[in-house]
Amino acid sequence: DAEITQSPRHKITETGRQVTLACHQTWNHNNMFWYRQDLGHGLRLIHYSYGVHDTNKGEVSDGYSVSRSNTEDLPLTLESAASSQTSVYFCATRDSPNTEAFFGQGTRLTVV
Amino acid sequence: QKEVEQNSGPLSVPEGAIASLNCTYSDRVSQSFFWYRQYSGKSPELIMSIYSNGDKEDGRFTAQLNKASQYVSLLIRDSQPSDSATYLCAVNTGFQKLVFGTGTRLLVSP
């Protein structure tokens with residue numbers, strides 16, 4: 001079965017360190033998204049991509065970057081981790097702009 | 001104004017009752033709308049998608065869309081304790097971004 005795999009599932013890092021969260025999908029979907037979820041804020045869009053070499057900023061993109069070198073992967077990098085980036089991060093993919101999105105299991109990141 | 005708005009709840013209903021969850025959106029050109037359910041500590045899972053004005057039924061779930069009023073709702077009939085979760089409304093905006101509301105927490109009491 002096709003799936004979306006996020007790794008690691010849990011991570012604790014120190015302020016100022018660079019952190020990369022992985023997202024790998026076997027759906028062969030062009031559209032990929034990164035969201036963060038915090039209490040009271042719901043799912044907020046960080047970055048998204050419509051295909052290889054395409055990346056776009058979402059509403060909360062400051063301090064984050066992504067790159068899309070192939071269809072399967074969209075890694076999310078925190079350039080210099082801050083305590084405000086402690087959150088649960090979800091990767092999602094979809095086949096085309098008007099279809100539903102499928103989610104990975106999430107990564108719980110704690111910045112201390 | 002937020003792009004997608006939901007009442008955070010909690011919405012409390014007794015077992016067997018109808019739960020009504022509401023969502024409004026700001027982008028008039030939005031064409032596709034989704035309801036997701038999220039259990040605590042889990043990832044969101046799709047319940048319903050709706051693209052045209054009117055009602056769409058799937059088992060105990062009915063999604064309703066009114067594009068003129070920029071309003072989407074989800075009705076859950078014969079609510080069960082297992083329906084207790086957070087329900088997320090998602091809207092595909094004019095820029096093809098998938099934007100979520102903050103979610104409504106539903107509590108179904110036995």
Side-chain angles (χ1 to χ4, degrees), chain A residues 1-7 9-10 21 23 25 27 29-51 54-61 66 74 87-110, chain B residues 1-10 21 23-27 29-52 56 58 61 63 65 67 72 74 85-106:
Chain A
D1 285 348
E3 60 182 4
I4 302 166
T5 303
Q6 291 186 235
S7 61
R9 296 293 310 279
H10 302 271
L21 309 183
C23 175
Q25 54 117 347
W27 285 99
H29 286 167
N30 285 322
N31 293 197
M32 296 186 73
F33 303 83
W34 273 105
Y35 294 89
R36 61 177 288 177
Q37 188 171 38
D38 306 285
L39 205 60
H41 291 280
L43 284 162
R44 291 184 291 175
L45 185 61
I46 305 172
H47 282 285
Y48 56 106
S49 168
Y50 293 144
D54 175 75
T55 60
N56 305 279
K57 294 182 178 180
E59 61 178 308
V60 291
S61 60
V66 293
L74 187 70
S87 187
V88 178
Y89 291 85
F90 287 101
C91 176
T93 76
R94 64 181 179 182
D95 184 34
S96 65
N98 273 322
T99 58
E100 66 270 22
F102 299 93
F103 283 80
Q105 322 96 303
T107 294
R108 183 175 294 275
L109 177 68
T110 302
Chain B
Q1 181 186 8
K2 290 185 178 180
E3 292 184 270
V4 180
E5 297 207 51
Q6 295 181 257
N7 187 320
S8 60
L21 305 161
C23 171
T24 58
Y25 61 95
S26 61
D27 191 340
V29 301
S30 295
Q31 294 295 320
S32 47
F33 308 85
F34 309 93
W35 282 100
Y36 286 80
R37 177 176 62 200
Q38 186 177 26
Y39 292 112
S40 181
K42 302 294 186 182
S43 56
E45 55 180 341
L46 182 74
I47 299 175
M48 297 276 291
S49 59
I50 187 166
Y51 302 92
S52 305
K56 179 182 178 182
D58 184 1
F61 300 96
L65 174 61
K67 289 185 180 180
V72 190
L74 179 70
T86 296
Y87 289 79
L88 302 166
C89 172
V91 177
N92 211 44
T93 70
F95 290 101
Q96 305 299 352
K97 295 185 301 180
L98 189 59
V99 179
F100 284 80
T102 54
T104 298
R105 188 173 166 216
L106 174 66

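Throughout, a chain's letter reflects where its sequence line sits, starting with A, and its residues are numbered from 1. What you see below is based on every heavy atom in this structure, not just the backbone, and it leaves out hydrogens, waters and symmetry mates. Quantities reported herein were computed from a predicted structural model and do not represent experimental measurements.
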Q. Taking the side chain as C-beta and beyond, is there a heavy-atom pair between A:Phe103 and B:Gln38 under 4.5 Å?
A. no
Q: Give a yes or no on whether A:Arg44 atom CZ has more than 12 heavy-atom contacts from other residues, nucleotides or ligands under 6.0 Å away.
A: yes
Q. Is A:Asn98 reaching over with its side chain to a backbone N or O of B:Gln31, donor-acceptor style, under 3.5 angstrom?
A. no
Q: Measure the spacing between OG1 of B:Thr102 and CG of A:Asp38 and express it to the nearest 0.5 Å.
A: 12.0 Å
(Q) Looking at every heavy atom in both A:Gly104 and B:Ser43, which two are closest together, and how far apart are they? (A) O-CB, 3.0 Å
Q: Would you check if the side chain of A:Tyr48 reaches a backbone N or O of B:Leu98 as a donor-acceptor pair within less than 3.5 Å?
A: no
Q) In terms of heavy-atom pairs under 4.5 Å, which option from A:Arg94, A:Gln105, A:Arg108 contacts chain B the most? A) A:Arg94
Q.
If I measure from the heavy atoms of chain A, does B:Leu46 come under 4.5 Å with its side chain, its backbone, both, or neither?
A. side chain
**Q.** Region of A:Leu43 that comes under 4.5 Å of a non-hydrogen atom in chain B
**A.** both
Q.
Looking at every non-hydrogen atom in both residues, tell me the closest pair between B:Tyr36 and A:Ala101 and how far apart they are.
A. OH-O, 2.7 Å
(Q) Using heavy-atom distances under 4.5 Å, tell me whether B:Tyr51 contacts chain A through its side chain, its backbone, both, or neither. (A) side chain
